[in-house]
Amino acid sequence: MRTHFCGALNKDNIGQVVEICGWVNRRRDHGGVIFLDVRDKRGIAQVVINPNNTDFALAERIRNEFVLKVNGSVIARGQGLTNPKLPSGEIEIIAQHLQILNPSKPVPFQIDAADTSEEIRLKYRYLDLRNNAMQKRLKVRSKVTHYMRAFMDKHDFLDIETPFLTKATPEGARDYLVPSRTHLGEFFALPQSPQLFKQLLMMSGFERYYQIVRCFRDEDLRADRQPEFTQLDVEASFMNEKEIMALMEMMIRGLFKSVVGVDLGDKFPTISYAQAMEKYGTDCPDMRIPLEIISIDELLTNIEFRVFSEPAQNPKSRVAAIKVPGGAHISRKQIDNYTKFVGIYGAKGLAYIKINKDGPASPILKFLGAEASQNIIDKVDAKTGDIIFFGADKVKIVNESLANLREKLAQDLDLFNQDWAPIWVVDFPLFEVNNNNTLNTIHHPFTAPRVGIDELEKNPTTALSHAYDLVINGSEVGGGSIRIHQADMQQKILKLLGIDETEAQDKFGFLLNALEYGCPPHGGMAFGLDRLVMLITNSTSIRDVIAFPKTQTAACLLTDAPTQVPKKILRELNLEVRLPKKD
RNA sequence: GGAGCGGUAGCUCAGUUGGUUAGAGUGCCUGCCUGUCACGCAGGAUGUCGCGGGUUCGAACCCCGUCCGCUCCGCCA
């Protein structure tokens, strides 16, 4: 149907007779001569229709987004007529023959407009996807998945599909449910991840498995969270933590090099979970930011100022500081904004000390006293022109507010000192303690502890796990662990989680049974494909790297899903819809 | 469940202290135009001011409720 792509035409094609197909990006009708910018997946070329053309009358009817086939010869543009903004700007096509393959109604928004609201873009997603930025991002996504498949295949991993219609899991995120017609009153769940299936594949002896697979979690959405998202899911037998991490690191490094030409360096640094929480207040620190959180509890246990001394004395609380070099110029108004900002995370205030030329200045100086103030300034090594921010509260509140403040300060003051900063986070605790004193796994219930059963029994809360996360620029792009491969250990973990033997058999019986038939040591990792592509394409929203995403209320503006279904279909499933009463 | 921001022409937005006929740019339509590339010039058409109530002589504007979009908290093993 065509001989060339619009966007691929250049000086080399001068003199050739070509046939192109595409959409009218813009028309410029001069009455005598008509210019059409014709767009295909490769780009744009200018088509010229002269008044003596037999199809001139046809050309006058052409509007934006009409689909055309154009026959013509490629000529060099005259002097002063070139367009440096277009890769094809040195040439144009003198049309000989025009064909309208399909007209178009006036489109609701200009395809190349950058300011169309997201609501309109999502409603007409098929038009929005014609936009060059969206085309580019989805091309990157395709390149990423292609690289992953090639890498995994090269390293002897088998692509094996796992079920979408599967068993509801008691823990973790809310499941999406699918009613069963053949088992009335019973439901499938869509997988939150293929975790147990990939472990079973290890027990089946495949040794190396991967899958680029959709996962489903019925939780509230965020700028980087969709209810259905894609993972590169990986599992291997007879590989230890170090070996898996090294292989996955090789893949990520090669992927960045191959897809965007970025060199991530030879060896990613590693930080322990405890260190990450101490220095950055989060388990996914953005290492591009040269700011650290510094604990100052021990300087403040004996002062009068109870806002600081009480949390300093309480082991469940923390007093910590962030020093911002050169930050003393931050205005009172801006500090008020930051105070409001940390309030989101539960902080009751945001104390600060500015180091001015004439000495420290702060509303809390008189409460701290000269000695404590100086101790703090010495400890964080503050110089004239710096500002120190403080957090003093429960550990969780201090960590979350200062971690987020650190990132906000970096954005506002442009403190990033490198483009890419990958880091492995390791030595995660196995459990976290809930408010009601029950235990929750930090990774998932199948993660192997670093201790034996007896030690685990004695001190479950201090046990570390064989889990590891890969964080790039503060974004958790992947995580994994060595799994439990002994039935008794698996049973012990479930028990510690408050799942008794009956329930364990009911929910995980198939896994517990399988573990008893010669399960190899195994482990793996999963990467969030969407977040990885977000990073690589520098996108601020996960919706920008998904062709047909959901809105914040988990709806599709294009198809209008979800919708009610006919009563007849519900009857077949023996389901009845009861909406909450409204008063 | 909660906090914040937004919803006015096809699109992007303005709209003063509540005041009589709701605007701009762009797109669309018509006419003119042979070198533009966000073409230009002239003219024209286009409104459920998200929706429902209330206050008022009078509401795009104030109040209450509700829906939708975005960001965040909770939630996301």
Side-chain angles (χ1 to χ4, degrees), chain A residues 25-38 44-53 56 60 63-65 77-86 88-89 92 94 105-124 127-128 169-175 192-193 195-196 215-227 229 340-347 397 400-401 404 408 428 430-432 434 439-447 465 467 476 479 481 493-494 497 499 526 528 540-541 543 550-553 555 557 560 582-583:
Chain A
N25 197 58
R26 273 209 167 76
R27 83 191 162 99
R28 290 176 293 280
D29 184 348
H30 285 239
V33 63
I34 298 171
F35 299 98
L36 300 174
D37 290 341
V38 180
I44 285 173
Q46 174 165 278
V47 170
V48 185
I49 300 108
N50 285 311
N52 58 358
N53 191 303
F56 189 78
E60 286 183 306
R63 294 293 181 272
N64 285 350
E65 299 308 314
R77 294 206 196 180
Q79 207 170 10
L81 301 180
T82 59
N83 182 356
K85 286 186 227 161
L86 280 184
S88 69
E92 61 193 0
I94 303 295
K105 293 206 294 188
V107 282
F109 53 89
Q110 181 68 35
I111 299 303
D112 53 13
D115 61 353
T116 311
S117 71
E118 195 170 7
E119 198 170 351
I120 297 294
R121 288 173 51 203
L122 290 177
K123 182 174 175 188
Y124 299 96
L127 296 180
D128 181 46
T169 50
E171 288 201 51
R174 200 175 289 115
D175 284 318
Q192 296 176 27
S193 87
Q195 181 62 33
L196 294 179
C215 303
F216 306 87
R217 293 178 191 177
D218 186 4
E219 296 294 345
D220 285 340
L221 291 84
R222 289 286 187 280
D224 63 350
R225 256 162 51 187
Q226 283 272 303
F229 61 98
K340 210 181 279 175
F341 177 76
V342 295
I344 296 171
Y345 307 98
I397 290 175
E400 283 180 13
S401 23
N404 284 289
K408 182 139 183 76
F428 282 84
L430 192 60
F431 296 109
E432 62 186 350
N434 294 328
L439 294 178
N440 232 351
T441 46
I442 285 194
H443 193 53
H444 57 51
F446 318 108
T447 301
S465 74
E476 186 200 320
S481 64
I493 297 280
L494 293 176
L497 290 171
I499 301 171
T540 51
S541 162
R543 297 179 297 279
K550 307 277 187 290
T551 64
Q552 193 159 51
T553 55
L557 296 181
D560 210 28
K582 284 185 182 172
D583 8 54

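A note on names: the letters A, B, ... follow the listed sequences, proteins ahead of strands, and every chain is numbered from 1.
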Sort out the partner of B/C5 for me: Watson-Crick or G-U wobble, both distances under 3.5 Å, none otherwise. B/G69
How far does the C1' atom of B/C5 sit from the matching atom of B/A42, given to the nearest Å? 42 Å
Whole-angstrom distance between B/G1 and B/C61, as gauged at atom P: 27 Å
Which residues share a ring pair (Phe, Tyr, Trp, His ring centres under 6.0 Å) with A/F431, sequence neighbours left out: none
Distance, rounded to the nearest Å, where A/I34 contributes CD1 and B/C39 contributes P: 14 Å
Using a 4.0 Å heavy-atom cut-off to protein, can you give one letter per nucleotide of nucleotides 68-77 of chain B, 5' to 3': B if the base is in contact, S if only the sugar-phosphate is, - if neither? SSBBBBBBBB
Considering every strand and a 4.0 Å limit on heavy-atom distances, what is the contact class for A/T82: base, sugar-phosphate, or nothing? base
Given atom CD of A/E92 and atom P of B/U34, what is their separation to the nearest angstrom? 17 Å
Quote, to the nearest angstrom, the P distance that separates B/G6 from B/G31. 43 Å
In whole angstrom, what separates A/F341's CZ from B/G4's P? 17 Å
What is the per-nucleotide protein-contact pattern of nucleotides 24-31 of chain B, from the 5' end, where B denotes a base atom under 4.0 Å from a protein heavy atom, S denotes such proximity for sugar-phosphate atoms only, and - denotes neither? -----SS-
Inter-nucleotide P distance (B/U21, B/C49), Å rounded: 15 Å
Distance in angstrom units between A/Q79 CD and B/G35 C1', rounded: 14 Å
So do A/T441 and A/F446 actually touch side chain to side chain, heavy atoms under 4.5 Å? no
Which residues share a side chain to side chain contact (heavy atoms under 4.5 Å, CB included) with A/N52, sequence neighbours left out: A/N50
Distance, P atom - from B/U20 to B/U12, rounded to whole angstrom: 27 Å
Aro-ring/base stack A/F109-B/C11, d under 5.5 Å, angle under 30°: no
Determine the Euclidean distance between corresponding C1' atoms of B/C11 and B/G53; express it in Å to zero decimal places. 31 Å
Taking CG from A/L81 and C1' from B/U34, how many angstroms apart are they, rounded to a whole number? 12 Å
Rounded interatomic separation in angstrom, taking CG from A/N52 and C1' from B/U34: 11 Å
Any strand: nucleotide that pairs with B/G58 via Watson-Crick or wobble, under 3.5 Å: none
In chain order, what residues pass the side-chain hydrogen bond (donor to acceptor under 3.5 Å, both in side chains) check against A/D37, with sequence neighbours excluded? A/R28
Heavy atoms only, 4.0 Å cut-off, all strands: where does A/D29 land among base, sugar-phosphate and nothing? base
Rounded to whole Å, the CG-C1' distance (A/N50 to B/C33) equals 15 Å
Between NE2 of A/H30 and CD1 of A/I49, what distance do you get to the nearest 0.5 Å? 11.5 Å
Can you check the distance between B/G54 and B/A24, where both ends of the measurement are the P atom (answer in whole Å)? 34 Å
Under 5.5 Å and under 30°: A/H30 stacked on B/C39: yes
Ionic contact status for A/E118 with A/R543, cut-off 4.0 Å: yes
Tell me, please, which residues at least two apart from A/A223 pass side chain to side chain contact (heavy atoms under 4.5 Å, CB included). none
Does A/F341 have any ring pair (Phe, Tyr, Trp, His ring centres under 6.0 Å) partners at least two apart in sequence or in another chain, and if so, which? A/Y345
Measuring to OP1 and OP2 of B/U36, would you say a side-chain N or O of A/R28 lies under 4.0 angstrom away? no
Nucleotide B/G4, atom P - distance to NZ of A/K340 in whole Å: 10 Å
Could you identify the nucleotide paired to B/U34, looking across every strand shown and requiring Watson-Crick or G-U wobble geometry with both distances under 3.5 Å? none
Looking at A/L221, is its backbone amide N or carbonyl O close enough to the side chain of A/Q226 to form a donor-acceptor pair, meaning the two atoms are under 3.5 Å apart? no
As its Watson-Crick or G-U partner within any shown strand, both distances under 3.5 Å, B/A14 has none
Which whole number of Å gives the distance between the C1' atom of B/C64 and that of B/A77? 42 Å
Listed by chain and number, what are the side chain to side chain contact (heavy atoms under 4.5 Å, CB included) partners of A/D175, not counting sequence neighbours? A/A168, A/T169, A/L177, A/A189, A/Q192
Considering heavy-atom distances to RNA chain B, does A/D115 or A/N83 have its closest nucleotide positioned more toward the 5' end? A/D115
Sequence neighbours excluded, which residues qualify as side chain to side chain contact (heavy atoms under 4.5 Å, CB included) partners of A/L86? A/I44, A/R77, A/N83, A/S88
